[in-house]
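Here the structure is laid out as structure tokens; the discussion comes afterwards.
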Protein chains: 2
Amino acid sequence: MIQDVGSATTSRRARLRTETTAEIKRVALELMASGGPGSITLRAIAREMGMTANAIYGYFATRDDLLTALIKDVYTELADTLEAARDALPEADAAGRILAWAHAFRDWALAHPQGFRLIYGDPVPGYQAPEGGAAPEAEHRVCAGLTGLAAGAWPEASGRYTDDSFDWTDFDEKLAGEVRAEFPGLPPAAVALALRIWGHLHGLVSLEVLGHLRAQTTNPAKLYRNEIARLISSLGLTPPPATA
Amino acid sequence: MIQDVGSATTSRRARLRTETTAEIKRVALELMASGGPGSITLRAIAREMGMTANAIYGYFATRDDLLTALIKDVYTELADTLEAARDALPEADAAGRILAWAHAFRDWALAHPQGFRLIYGDPVPGYQAPEGGAAPEAEHRVCAGLTGLAAGAWPEASGRYTDDSFDWTDFDEKLAGEVRAEFPGLPPAAVALALRIWGHLHGLVSLEVLGHLRAQTTNPAKLYRNEIARLISSLGLTPPPATA
DNA sequence: TGCGGTAACTATACGGCGTGAAGTAAAGAT
DNA sequence: ATCTTTACTTCACGCCGTATAGTTACCGCA
């Protein structure tokens with residue numbers, strides 16, 4: 001059973017440490033999946049791992065630190081999923097990419113409702129997000145990805161947004177810089193469009209996942225499809241034929 | 001100091017009971033306003049009232065029951081606010097009513113962020129909403145109010161929604177019944193429109209209030225105004241001139 | 001006027017929570 | 001072989017919701 005499993009560059013200690021950290025997060029996500037973000041508890045995690053709750057303090061300074069790490073991981077996974085769905089279609093297919101992104105978003109949220117709550121809901125009792133949100137990086141990626149979608153649609157859509165009076169100073173400096181570097185010539189109105197798209201998608205999905213739509217419609221999927229089709233149309237693109 | 005303050009129909013006991021119930025809720029809302037929904041605690045309420053935590057069990061069977069009552073109250077207050085803002089303008093001014101409703105929604109959310117979290121966020125640790133949401137009635141009112149807005153815009157907007165394939169069975173039976181009674185001739189596509197409008201507004205406002213927009217835009221108000229203007233335009237109505 | 005019922009409230013207790021302080025045993029470094 | 005660091009446990013504190021039992025004060029009725 002004695003064998004060399006680790007690389008030579010990391011010590012055995014560091015390896016064990018990494019593995020234990022990963023296990024803590026894995027167990028925490030399991031608890032969340034079965035009981036919601038509120039059931040992420042140091043004591044429950046420790047119980048599951050055959051440890052004492054205080055042992056976790058060797059890996060995370062506080063429960064909120066653990067939650068922050070989890071939020072970052074889950075949010076990053078969401079961003080990966082969305083970008084993968086978008087990049088499965090050619091850049092030229094602007095409408096298809098928006099459609100793919102939007103459905104990937106809803107599908108992910110329905111498949112991981114507790115993860116969605118963790119990211120977008122009020123997470124847990126007294127959790128306070130550390131300065132400017134827990135996962136600004138992933139949030140930024142999502143926003144930049146949406147701006148990419150808007151940029152793809154801009155040739156057709158720009159004519160409908162000439163009366164917008166947005167300015168680069170209306171947006172986060174870092175975000176604006178990235179967008180201007182990646183899409184030269186794209187006006188600030190396109191970023192506003194991206195954020196509005198985010199609002200549309202997030203609004204319907206969060207209402208659905210958090211249960212506020214259940215009492216109104218029996219067919220949230222149809223509502224969402226309709227929303228996306230109208231969104232694509234409003235950009236001057238051709239929506240795909242409706243499917244049941 | 002001895003005087004008759006209550007009405008003859010309610011006993012002194014019942015009066016005190018009502019007052020105490022109201023005080024519990026009032027203190028709970030104060031705690032929420034200062035520390036978020038998570039700091040609504042039976043013990044904290046009792047402390048504030050100079051009582052024992054267990055005394056509250058005489059008024060609410062459980063902490064979740066209290067939370068449910070609070071959600072209902074706050075949601076009802078929101079619905080009142082929205083309807084009042086809408087009804088301040090004549091029915092003929094469809095665009096103005098949508099505008100008023102939308103801004104009342106955001107203004108309320110920004111003025112009562114903790115109330116917004118209570119209603120729309122994941123409320124508190126282990127809170128489980130009792131069968132179909134805590135405040136189905138207020139939720140219904142909001143939805144019906146939005147449908148009223150859609151109905152007001154329908155003469156101008158209907159032409160853009162002829163290709164929608166919504167059916168009355170796509171919506172909650174009770175909601176559909178009310179809508180058909182109040183707005184005869186209004187097609188189910190108008191209810192879908194109302195829900196989509198809700199999604200738009202809720203999406204941007206919840207992103208802003210829950211802090212997910214802060215890292216992207218420095219001017220969420222402008223973004224929201226733009227969203228509403230485009231929404232009104234997309235209905236074939238004339239948006240009001242933009243103001244700073 | 002007095003008595004019985006009941007409503008309102010307290011006292012005590014249990015288990016669970018995050019977290020701090022102190023101690024222990026094993027692993028690594030020298 | 002000794003010293004240091006790491007991983008972990010034990011104990012403790014003050015929070016939490018809530019169950020059970022006991023106490024007090026008021027109300028209606030004789």
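It should be emphasised that the depicted structure is a prediction, and the values quoted were computed from it without experimental measurement. Order of the sequence lines sets the chain letters (A, B, ...), proteins ahead of strands, with each chain counted from 1.
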Tell me: [atom1] of [X] to [atom2] of [N], nearest whole Å?
X: D65(A); N: dG18(C); atom1: CG; atom2: C1'; value: 13 Å
X: M49(B); N: dC9(C); atom1: CE; atom2: P; value: 8 Å
X: L67(A); N: dC17(C); atom1: CG; atom2: P; value: 14 Å
X: L31(A); N: dG16(C); atom1: CG; atom2: P; value: 15 Å
X: N54(B); N: dT20(D); atom1: CG; atom2: C1'; value: 9 Å
X: F60(B); N: dA8(C); atom1: CZ; atom2: P; value: 13 Å
X: I56(A); N: dC8(D); atom1: CD1; atom2: C1'; value: 12 Å
X: R15(A); N: dA7(D); atom1: CZ; atom2: P; value: 13 Å

Quiz item: What stem regions, each of at least 3 consecutive Watson-Crick or G-U pairs below 3.5 Å, can be found for DNA chain C?
Solution: C:1-30 with D:1-30
Self-check item: Of the listed nucleotides dG18(C), dC17(C), dT18(D), the one nearest the side chain of R63(B)
Solution: dT18(D)
Exercise. For the side chain of A44(B), starting at C-beta, report the closest nucleotide among dC16(D), dC17(C), dG17(D).
Key: dC16(D)
Compare side-chain N and O positions of [X] against OP1 and OP2 of [N] and report whether any pair is under 4.0 Å apart.
X: R43(A); N: dG18(C); result: no
X: T41(B); N: dC15(D); result: no
X: R17(A); N: dA7(D); result: yes
X: Y59(B); N: dC9(C); result: yes
X: T62(B); N: dG17(D); result: no
X: Y57(A); N: dG20(C); result: no

Exercise. Assess the side chains of H140(A) and E178(A): does a donor N or O sit below 3.5 Å from an acceptor N or O?
Key: no
Self-check item: Heavy-atom pair of closest approach, residues W168(A) and A176(A)
Solution: CE3-CB, 3.7 Å
Exercise. Check salt bridge (Lys or Arg N to Asp or Glu O under 4.0 Å) between E30(A) and all other residues, then give those that pass, not counting sequence neighbours.
Key: R26(A)
Self-check item: N/O donor-acceptor pair under 3.5 Å between D170(A) side chain and D167(A) backbone
Solution: yes
Quiz prompt | Under 3.5 Å: donor-acceptor pair, side chain of H112(A), backbone of W108(A) | solution = yes
Quiz prompt | Residue whose nearest DNA chain D nucleotide is more 5′ - M51(A) or A53(B) | solution = M51(A)
Practice problem: Mind checking the CG-CZ spacing from L110(A) to F116(A)? Nearest 0.5 Å is all I need. | Solution: 9.5 Å
Indicate every side-chain donor-acceptor pair of residues 52-59 of chain B with a distance under 3.5 Å to a residue at least two apart or in another chain.
none

